[in-house]
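Below, chain A is the first sequence line, B the second, and so on; all start at residue 1. None of the values given here were measured: they were computed from a predicted structure.
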Number of protein chains: 2
Amino acid sequence: MADQHELRDKGLRLTPQRELVLAAVRELGHATPEEVAEKVRQTHPGINLSTVYRNLETLENVGLVQHTHLGHGGATYHAAEELTHLHLVCGTCGSVGDAPIDVAANFVNALADDYGFKTDVTHFAVYGTCSACFTAESK
Amino acid sequence: MADQHELRDKGLRLTPQRELVLAAVRELGHATPEEVAEKVRQTHPGINLSTVYRNLETLENVGLVQHTHLGHGGATYHAAEELTHLHLVCGTCGSVGDAPIDVAANFVNALADDYGFKTDVTHFAVYGTCSACFTAESK
DNA sequence: GCCTAATTGCGAGTCACTTGCAGGTGTCAC
DNA sequence: GTGACACCTGCAAGTGACTCGCAATTAGGC
């Protein structure tokens, strides 16, 4: 696995726990540390929650995963290679939808041109109401 | 003050603490509950932190203030009448810049048309790197 | 001024991490 | 293959940011 290189280059190790955490993040798509821990425990029950937190942080430093804020405070983790979409968080039902980054391209460019602000599209959640909830509401 | 109507209409009271919390939010522009509490304590030292939290929630229900997630987990409160701008949060220096809602208009419309997703522009923080930090980084 | 329901203050509790530390283990040099 | 050492893990305790329950207080209608 190429992951090993990313870690070794920084003098870090590829431990079983670390592999499991990375695998869990990849499998879950987007998950909170708690969800990752739960997933990992299905195959390795003894793993400690603080180990999960530390590994998520380590993997993020190396660039294999990234986190996003989906509101409500908690961070959500993603495998870095899956970060090709925006997150549409529904404030009503709590669901998280996806949209391609392209939708935001104009917006990102406008912010860059007018404000010199370099937007990190992968890190931002869009808050609102999803179509299902909006339809239900307006009935 | 018109605020009183908003509250009384819902059978709520306008207490000194509530006025102070609202005044603090208006004066601070955007502030965390902790900052609001600190501000309020300058004029009314005895106020309890849980009172501040409860009042922020109450004022939000009434529509006089709103909260936004600026990353890092904590919610940030704003006076409702000041919510005419987006928040540009710099991940490097932590500063919070403003941009008019119009910048996002196309983006919001695109999401509405393509995904039926009704974006709550006032609730979303844009994460990235501000011009000052970006200039410093690329040196 | 009186009465009642909304509020407040306080202390305790919860949730989501974070930290310190001692023991374990992957890696590298030889 | 062996040994040394820095990196990791698990555990337990700690921290920050709220949230809750309850008795005492008080705003506001009558």
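- In this structure, B/Leu56 places its CG atom 14 Å from C1' of D/dT19, rounding to the nearest Å.
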Side chain to side chain contact (heavy atoms under 4.5 Å, CB included) between B/Val96 and B/Leu88, intermediate numbers included: CA-CA 5 Å; B/Val96 181; B/Leu88 306 179; over 6 Å; no
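- One atom, CD of B/Glu19, and another, P of D/dG28, lie 9 Å apart when rounded to the nearest Å.
- Taking 4.0 angstrom as the limit, A/Tyr53 places a side-chain polar atom (N or O) nearer than this to OP1 or OP2 of C/dC17.
- Of the side-chain N and O atoms in A/Asn48, none sit less than 4.0 angstrom from OP1 or OP2 of D/dC8.
- With rounding to whole Å, B/His67 atom NE2 is found 11 Å from D/dC18 atom P.
- Taking for each of A/Asn55 and B/Glu57 the nucleotide of DNA chain D with the nearest heavy atom, the 5'-most of the two is the partner of A/Asn55.
- A/Ile47 comes within 4.0 angstrom of the backbone, heavy atoms only, and of no base.
- Going from atom CG of B/Leu14 over to atom P of D/dG29 covers 11 Å, rounded to whole Å.
- The residue among A/Arg54 and A/Pro16 whose nearest nucleotide of DNA chain C is located toward the 5' end is A/Arg54.
- In the set C/dT7, D/dC7, C/dG20, the nucleotide with an atom closest to the side chain of B/Leu12 is C/dT7.
- Note on A/Tyr77: it clusters hydrophobically with A/Leu12, by side-chain heavy-atom contacts below 4.5 Å among ILVMFWY residues.
- For C/dT7, the OP1/OP2 oxygens have a side-chain nitrogen or oxygen of B/Arg18 closer than 4.0 Å.
- The side chain of A/Thr51 contributes an N or O atom lying less than 4.0 Å from OP1 or OP2 of D/dG10.
- Proximity of B/Thr15 to the phosphate of D/dT26: no side-chain N or O atom is located under 4.0 Å from OP1 or OP2.
- With no hydrogens or angles considered, a side-chain donor-acceptor pair links A/Thr68 and A/His78 at under 3.5 Å.
- Checking B/Arg13 against B/Ser50, the closest nucleotide of DNA chain D that is more toward the 5' end is the one next to B/Ser50.
- Rounded to an integer number of Å, the gap from CG of B/Leu20 to C1' of C/dT7 is 14 Å.
- For the atom pair A/Thr76 OG1 and A/His67 NE2, the distance stands at 9.0 Å (nearest 0.5 Å).
- Look at CG on B/Leu49: it is 12 Å from P on C/dC10, rounded to the nearest Å.
- Regarding contacts with the backbone of C/dT25, every side-chain N or O of A/Gln17 stays at 4.0 angstrom or more from both OP1 and OP2.
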Verdict with reasoning, B/Tyr53 to B/Thr51, per side chain to side chain contact (heavy atoms under 4.5 Å, CB included): CA-CA 5 Å; B/Tyr53 277 105; B/Thr51 301; over 6 Å; no
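- Side-chain nitrogen and oxygen atoms of A/Thr32 include none within less than 4.0 Å of the OP1 or OP2 phosphate oxygen of C/dA16.
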